[in-house]
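Everything on this sheet refers to the single structure shown next.
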Amino acid sequence: MNLVSITDLTGEEILEILDRSDELKRSRSETGQVLARKSLATIFEKPSTRTRVSLEVAMTDLGGHALHLCSSDLQLGRGETIADTARVLSRFVHGIAARVFDHATVEELAFHADVPVINSLSNREHPCQILADLMTMRESFGYLEGLKVAWIGDGNNVCNSTILASALMGLDLTVACPPGHEPDGDILDEADRLGGRVKVVADPAKAAEGAEVVETDTWVSMGDEAEAALRENVFEPYQVNSGLMSLVSDGAIVMHCLPAHRGQEITDDVMDGPQSAILDQSENRLHTIKAVLERFLGGSTR
Ligand code: CP
Ligand code: NVA
């Protein structure tokens, strides 16, 4: 059982994870020791604050242990194959979490590992993030089905997971992206197959109008740095600011997976304002990853 894509879970399983995350949030660190003496290898090809800290704190709170493995410090960085790394780690640990540039790397790890593999962000998806996002939406509104969500900005990894999760959970999602930066066609096709109601538009105002949730992300994802200047230009009309927020429904919330580039994709007043659910969303990374680790590693034996 792996979590490489959010579609590795059914809608029903996502709801179970969200229910458990709510319970874990209420009980804080009184979570029991369900992962006692279990180890999680966490491989990072890119920097991380929230993902790394939530994985490590969650493993500790659940009685287990996380190993931080920077990919350049592993023999992987000197040419040991992904397959051999996956097979060997499977003899030492009960699960592998991996943040990678190329989605194929986490797929290959999952294919060769004998223990669960959790995608901690790839160029294609960020399933751990979307679980925290769904938890935050449900905390704010009490339901997910039919919630009107606007994604404003880059059709990137987090957007892709939002699209797939929308299809699984019945969100009413409109994605507003500059031409050329739309989400991957195969993600939209998969969402269609799952019965999703996803619209892709170019006009951010159209997406924001009447939205109950506005979500954005950086214009320059890790790996896109060479295009930074170009992107900052193209994405300027997609800033989440007070003008855009004047179009949303009463009681709407603003979300951002972080890290934010204040003054670019989101302004300070919106990020720090009363509609911001961003810090709750960030905290929910911890509760949701605990529920994921319990579920995926709880039954895992080496
Ligand atoms: N949102 C998120 O994954 O943040 P980090 O890059 O800090 O892990
Ligand atoms: N889209 C961003 C998300 C960071 C959590 C990136 O890939 O850099």
Side-chain angles (χ1 to χ4, degrees), residues 3-6 21 40-59 66 68-71 96-106 118-137 151-165 175-178 180-184 187 213-228 230-232 234-235 238-240 254-262 264-266 271 276-290 292-293:
L3 182 56
V4 171
S5 164
I6 191 64
S21 305
L40 176 75
T42 68
I43 301 176
F44 284 88
E45 289 183 356
K46 311 181 192 182
S48 169
T49 298
R50 283 140 289 267
T51 305
R52 176 179 176 181
V53 175
S54 60
L55 283 164
E56 294 191 12
V57 172
M59 281 304 290
H68 178 69
L69 306 170
C70 179
S71 62
I96 301 169
R99 168 167 287 198
V100 298
F101 281 98
D102 185 355
H103 189 72
T105 304
V106 69
I118 297 168
N119 178 0
S120 307
L121 180 140
S122 67
N123 60 334
R124 181 184 166 87
E125 269 204 66
H126 198 356
C128 298
Q129 180 66 50
I130 194 63
L131 289 170
D133 298 358
L134 292 170
M135 178 179 180
T136 310
M137 291 179 203
W151 176 276
I152 311 287
D154 195 10
N156 61 15
N157 42 12
V158 181
C159 179
N160 286 343
S161 290
T162 306
I163 290 169
L164 296 173
V175 174
C177 302
H181 297 275
E182 294 91 350
D184 299 344
I187 293 276
V213 178
V214 174
E215 179 146 23
T216 189
D217 185 14
T218 179
W219 296 338
V220 186
S221 282
M222 292 178 276
D224 290 339
E225 289 81 0
E227 297 172 14
L230 198 76
R231 283 176 163 264
E232 281 156 27
V234 168
F235 281 95
Y238 294 80
Q239 184 182 66
V240 175
V254 177
M255 296 180 43
H256 189 313
C257 63
L258 302 180
H261 298 74
R262 287 168 175 261
Q264 289 193 9
E265 73 272 9
I266 190 164
M271 180 136 170
S276 174
I278 294 170
L279 284 178
D280 292 322
Q281 177 187 5
S282 189
E283 178 190 328
N284 288 341
R285 290 294 308 274
L286 176 62
H287 310 300
T288 45
I289 199 63
K290 279 185 188 173
V292 166
L293 291 168

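Remember, it's 1-based here, ligands and their atoms both numbered in the order they're listed.
The contact shell of ligand 1, taken as protein residues with any non-hydrogen atom closer than 4.0 angstrom, comprises Ser48, Thr49, Arg50, Thr51, Arg99, His126, Gln129, Cys257, Leu258, Arg285.
Considering backbone and side-chain N/O atoms, Asn156 comes within less than 3.5 Å of an N/O atom of ligand 2. At least one N or O atom of Asp217 sits closer than 3.5 Å to an N or O atom of ligand 2.
Val292 places none of its side-chain heavy atoms less than 4.5 Å from the side chain of Cys128. Taking 4.5 Å as the limit, some side-chain heavy atom of Met137 sits within range of a side-chain heavy atom of Met255. Annotation: side chain of Met271 is not in contact with side chain of Val254 (no heavy-atom distance under 4.5 Å). A 4.5 Å side-chain heavy-atom check between Arg124 and Asn119 finds every atom pair outside the cut-off.
The two residues Gly155 and Cys177 come nearest to each other via the heavy atoms N-SG, 3.8 Å. The nearest pair of heavy atoms linking Ile130 to Ser161 is CG1-O, 3.7 Å.
Atom CD1 of residue Ile289 and atom OG of residue Ser21 lie 9.0 Å apart, to the nearest 0.5 angstrom.
Looking only at protein heavy atoms, the nearest one to atom 4 (C) of ligand 2 is Leu121 CD1, 3.8 Å. Among protein heavy atoms, atom 6 (C) of ligand 2 sits closest to Ser221 OG, 3.3 Å. Of the protein's heavy atoms, Met222 N, 2.8 Å lies nearest to atom 8 (O) of ligand 2. Among all protein heavy atoms, the one lying closest to atom 7 (O) of ligand 2 is Asn157 ND2, 2.8 Å.
Distances shorter than 4.0 angstrom do not occur between any heavy atom of Thr51 and any atom of ligand 2.
At a 4.0 Å heavy-atom cut-off, ligand 2 does not touch Asp154 at all.
Residue contact check: Leu258 has heavy atoms under 4.0 Å from atoms 5 (C) of ligand 2.
His261 and Glu232 are not linked by any side-chain donor-acceptor pair at a separation below 3.5 angstrom, with hydrogens and angles left out of the test.
Ring-centre distance between His181 and Phe235: below the 6.0 Å cut-off.
The aromatic rings of Phe44 and His68 are tilted relative to each other, their planes meeting at an angle between 30° and 60°.
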